[in-house]
Amino acid sequence: MMPLNLLKRYFSPRALEHELEERVPVGPVMEVASHKTVPIHRHSYWYYMGGISLFLFVVQLVSGILLLFHYQPGAESSHASVLRIMTKVDFGWLIRSIHSWGANLMVFFVFVHMFSAFLMKAYQKPRELTWWTGIVLLLLTITFGFTGYLLPWDEVSYFATKIGMDTPVNVAKEAGEMVEKLIPVAGKPLSEAMLWGAKQGPFLLKGGEEITGLTIQRFFTLHVVILPWVFIGVLTVHLILVQIHGNRVPKAIEESKAYRRVPFFPNFFYADLFMWLLTFNLLSTLAALSPWPLGPEADPIAAAPAGIHPEWYFMAQFQILKMLPELVAIGLFTAGFMLWALVPIWDPATTTGRRAKIATYAGILAVAGLILFTLWGYAGLHA
Amino acid sequence: MSFPVWQVSPALNGSVLIGVVAVFHVFIALLAVGAGIFLPVTEYIARKQGRQDLLEFLRYHTRFFVVLTSVFGAVSGIGIWFTISLVHPAATTALIHKFVFAWGMEYAIFLVEITSLIFYYYGWEKMDASVHQKIGWIYAGSAFGSLFFINGILTYMLTPGQAAMTTVTDASFFQSFFNPGYGPSLIMRLLVALSLAGLFALFVAAKLPHESDLRTWLLRYSAQWLLPSYVLLGIGGLWYLWTVPQESLQALTSGIASAGVGNLSVMTRVVMLVGLFTVSISLMVFFGPYLNPTEFSRWKAGGLLLSALFVTGAGEWAREMLRKPYVIRDFMYVNGVLAATEKGFGPALEDASAYRQSFLSGGGWDAGQDAGAAMFKNQCLACHTLTSYRSLREYLAGRDEAAIHSFLQMLQMGKENPYRRIMPPLIGTPEEVKALAHFLSEQVHPQAAAATAGDPSPGPRTAAR
């Protein structure tokens, strides 16, 4: 009897819980979590989008760490190591496919999360900082995509990066020509200064004039060391702000009181888990049935392959760039993005709601425009 | 070449057609088996607990299964017969000769299943409770019975064991029917059937008003129908793999290190997805309707059902692929060539001349046709299409006619043929093989073929009668 009593005393679930609580007091956290509620209404499925984006970020971290065991950055080794991952390492092709498809899905869900937050007016006071940290996370996500794209060092990744790196210089050249025409004397030195300035960013990133092994090294450092930590920092602030302010209920639903509240833990947490599993199914299906391809090794002296185009999330911009002068298009993107980012200042929840309505129309127009120009871009590739 | 082969279209071959029909039929059939057990068991619980609301729900639930089983189940079942007899008559007739008793029993039991279901549905209000319950048990027994019989035939095609045929009538019926794969397959199919019944009940119950107690009870109860799968599906899966022939297992693992084309790596990927989806569906049911019934909605239930449809389809597809290059393991290759005949030719390269007997002179079904096209239709189309599923235009891209010809000659090399584990041997005279190479080259490079259409080069011969 004695050993059994000892066993019960020290190893029963309650005893273990008590011992754990003494060392890691999770009680207060659970207390806070039990008071947090989530509004449930006819649009509440949009609340899952942030959680799905977060889940995909975790998938990226885990799959990225696994890839690090075999990936070797360098002009001589990048492509060879990815090829080895794809053809020799057990389930290496799967991990790489999950990483590549996961990146695309993450961009997609971050966009959906952003547009749904925008249309639900989740940027209005007091959630301005949540909105701005979200905008930073969007930019970081896209930068993750851009830096990761070069790492396999195949033909397409090389030329896509080259086009991306050349864009600021091309825009500066166009702007410089205009400045020279408009300002007779100071125009030339101003134009040269602009060009010099535009070259510095790409020069720093590339580690020289050309894209070389050093560029891979720098992109790799950004992709696996700097960006993840910056992302985690901003994400932490974003999540804390979400916890403080809670989910935004659309105004019409709030006024009609056509919603109820459920505890975040466990109700909404379980619902989140359900959605994460569904997302993982989608990701696994894409990765398994359409493994991410690896093109021939990059050859910097070869001509760019015909029909080269950016990833889908830059396709709308690519199409607009084809239609407008580069300077005008980049100016439009910059102005549009600034307006988008600064919308909490322009529409801080006024009593009339007029600005909020205008913002809604602008949001719908932005979504429609992105879809339209993306489709137009793809149609142009097959024309 | 004892039977004519039906070419559906350049983009659609028989295996795709069978696949489409079979996936829906298997899904519906397994759902019907599961529901056949779910309904009377739940009725028994409802009557024992005196729950009128639950009985009302079951009555509503039954109506759907009358339509599902008697219309979609029966029509898609006939659809399978129609399709296999057109697409692979040689294999169909071999199986009928061997398993005519089992098929007859399956028909008879299906008739009992349908009849009892109709009585069960119409008897909800008109029959005494105990009689209705008894009819429910008959329905459950017959639903399981149809699975019991068809399972023997399906598993024999992959795992004949010691009962592998050399002729259609050798080896005893029972030895063939209770083949090595029978047990694990029956258990796995039964578990899937019970899980599908639970998933479908979740879909129906999710429609009930949120505030109703019945909804919460039903969601948690239906979720528990997946419990046997949590515990036993993994064990059943391992047992099943243990019975699968070593060569098929090697093909199954060929996609672990690489996802390249030219092998059966896609099978590895699909089997992996089946396992993953099975686990994730179980977890979704646990975190969804079981732990959190209030927030479980109908569209989530729909997502679960779609995932289950995917698992069923992918699992059936993988089972079919595991048989490759046979249609009936160790007896008949997918192109209709008999394995025994091949063995008679001798496995060594010096006997390979035996592979070079005329194929097209066999039945004369394609007399007058382009010989290459006839060879393609009879020996390639069972697995490949020209333009879509396992597209030859994609696989042979980059090879000219000479390279294609060399490849085809390799398929006549017996044991020396590196593709023998995934592709059947090619039978045909040197002229027939050359005609096939010419035909494939034209199909793979249609523009080049069009450009040289006016050339007086020796054209393809026609198939002999």
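Scope of the values below: all heavy atoms of this structure, side chains included, with no hydrogens, waters or symmetry mates. It should be emphasised that the depicted structure is a prediction, and the values quoted were computed from it without experimental measurement.
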Checking [X] against chain A: side chain, backbone, both or neither under 4.5 Å from a heavy atom?
| X | result |
| --- | --- |
| B:Ser297 | neither |
| B:Phe296 | side chain |
| B:Ile256 | both |
| B:Met272 | side chain |

Under-4.0 Å salt bridge between [X] and [Y]:
| X | Y | result |
| --- | --- | --- |
| A:Arg14 | A:Glu17 | no |
| A:Lys257 | A:Glu254 | no |
| B:Glu316 | B:Arg323 | no |

- Query: Would the number of heavy atoms belonging to other residues, nucleotides or ligands and lying under 6.0 Å from CZ of B:Phe287 be above 12?
  - Reply: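 It does: B:Phe287 CZ has more than 12 such atoms within range.
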At a 4.5 Å cut-off on heavy atoms, which part of [X] comes close to chain B: side chain, backbone, both, or neither?
| X | result |
| --- | --- |
| A:Val89 | backbone |
| A:Leu289 | both |
| A:Arg96 | neither |

- Item | Ring centres under 6.0 angstrom apart (A:Tyr270, A:Phe264) | no
- Message: Please check: side-chain N/O of A:His70 versus main-chain N/O of A:Ser81, any donor-acceptor pairing under 3.5 Å?
- Response: no
- Message: Just so I understand: if I count every heavy-atom pair under 4.5 Å between each of B:Thr268, B:Val279, B:Val270, B:Leu276 and chain A, which residue has the most?
- Response: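 Of B:Thr268, B:Val279, B:Val270, B:Leu276, B:Leu276 has the most heavy-atom pairs under 4.5 Å with chain A.
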